[in-house]
Amino acid sequence: MKLVMHSYSFRNYPIEHVFAVARHFGFPAVELASCHFDAAEARRDLAAAVRLGRRFGVHIHCAGYYGDFIADGAVRTRSIELVRAVIDACADNGIDLVNGFGGWLVRDEPDWRRNGSAMAGEREYERAAAAYRMLCEYAAERGVRVSVEVHPNTVHDTIEAALRLRDLVGGDSLIITPDPANSYILSEPDRDPGILDRLGQVPYFHLKNCRPADPCPDFTVGTADGAIDNHRWLEKLSLLKVPAVCLEYCGSGDPHPPIAAAREYVHDCLRLGEALRDHGRGSS
């Protein structure tokens with residue numbers, strides 16, 4: 001299982017710092033969030049980021065994107081153009097995955113429970129799905145995969161909602177990136193690692209933690225803290241042989257200690273899981 005460091009954790013730092021920290025903490029790869037490059041200049045910026053990553057011995061596992069695929073007119077058109085630009089840049093630079101969100105829908109900015117899939121109807125899903133069908137086909141022709149992240153304030157803010165979107169897109173071209181902390185207060189089923197069985201495949205996964213709060217969770221917690229039992233999620237990810245897991249810190253304060261601790265925590269969980277499986281094999 002490859003451990004990827006999300007550059008969004010260091011959103012208040014320059015991109016050079018991201019790669020330096022990844023190398024220092026032993027991450028082989030990063031997810032490059034859209035805050036660390038300009039989508040309108042994606043070819044230029046991603047090429048520069050790949051060169052920078054080589055200097056530090058860290059590669060880019062995937063690049064982020066954001067698109068408002070539900071909006072009308074020029075906003076939607078421009079969103080699709082920018083995501084295509086990111087796909088083109090990834091294809092040019094040997095990055096085979098983009099991960100992000102495109103179904104933004106907000107009624108009440110602070111309260112996630114009133115936004116996203118809670119207010120989405122057939123029209124919103126169809127518009128998002130139509131954009132993703134185009135983008136998945138466009139990306140596949142260039143050797144790039146498109147993933148949609150389970151993310152608050154979007155029409156894909158829970159596993160159930162993301163599956164609805166994927167079904168409308170059709171086939172298995174659209175990947176779903178689960179993030180249990182993002183959907184913790186939105187969906188009781190999303191708190192159970194068993195829900196991953198519904199996805200069929202899980203090529204990529206986001207791991208962090210949260211504390212429930214009203215109207216939205218508190219992310220200023222370590223990966224080993226908060227309401228989510230991440231050991232259980234890592235057990236499930238190991239059973240499913242998920243190839244890559246991204247560690248992210250979205251809270252306030254200094255991100256370095258929680259990211260360093262997250263990596264050690266995940267390695268400890270994986271070692272413990274392997275020891276338990278070996279014990280089970282030895283006793284059979």
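Here the structure is a predicted model, which is why all the values come from computation and not from measurement. Residue numbers start at 1 and run along the sequence shown.
Contacts of His231 classified as ring-ring contact (aromatic ring centres under 6.0 Å, His included), with partners at least two apart in sequence or in another chain: none. Under the rule for a salt bridge (charged side-chain N to carboxylate O under 4.0 Å, His left out), Arg44 has no partner lying at least two apart in sequence or in another chain. Every residue meeting the side chain to side chain contact (heavy atoms under 4.5 Å, CB included) condition with Ala22, not counting sequence neighbours, appears here in chain and number order: Met5, Phe27, Val30, Val58. Among residues two or more places apart in sequence or in another chain, the side chain to side chain contact (heavy atoms under 4.5 Å, CB included) test is passed with Ala140 by none. Applying the salt bridge (charged side-chain N to carboxylate O under 4.0 Å, His left out) rule to Arg133 yields no partners; only residues at least two apart in sequence or on another chain are considered. Residues that satisfy the side chain to side chain contact (heavy atoms under 4.5 Å, CB included) test with Ala227, not counting sequence neighbours, are Tyr184, Pro212. For Thr223, the side-chain hydrogen bond (donor to acceptor under 3.5 Å, both in side chains) criterion is met by no residue, not counting sequence neighbours. Legend: residues meeting side chain to side chain contact (heavy atoms under 4.5 Å, CB included) with Ala29, ordered by chain and number and at least two apart, are Lys2, Val4, His59, His61. Under the side-chain hydrogen bond (donor to acceptor under 3.5 Å, both in side chains) criterion, Asp214 pairs with Arg113, not counting sequence neighbours. Residues passing the side-chain hydrogen bond (donor to acceptor under 3.5 Å, both in side chains) test with His256 are His17, Asp254, sequence neighbours excluded.
When side chains are defined from C-beta on, Trp104 does not count as touching Ile70, because their heavy atoms never get closer than 4.5 Å.
Within 6.0 Å of the CD atom in Glu122, the count of heavy atoms belonging to other residues, nucleotides or ligands does not exceed 12.
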Name each donor-acceptor pair under 3.5 Å that joins a side chain in residues 84-91 to protein atoms two or more places apart or in another chain, with its distance.
residue : atom : partner : partner atom : Å
Asp88   : OD1  : Tyr138  : OH           : 2.9
Asp88   : OD1  : Arg142  : NE           : 3.2
Asp88   : OD2  : Tyr138  : OH           : 2.9

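Paired with Phe219 under the rule side chain to side chain contact (heavy atoms under 4.5 Å, CB included), one option of Pro258, Ser252, Cys210 passes, and it is Cys210.
Residue pairs meeting the side chain to side chain donor-acceptor pair (under 3.5 Å) criterion with at least one member in residues 235-250, sequence neighbours excluded, are Asp197-Lys236, Lys208-Glu248.
Ring planes of Tyr66 and Phe101: perpendicular class, angle over 60° (limits at 30 and 60°). Phe69 and Tyr65 have parallel rings, their planes meeting at less than 30° on a 0 to 90° scale where 60° marks the start of perpendicular.
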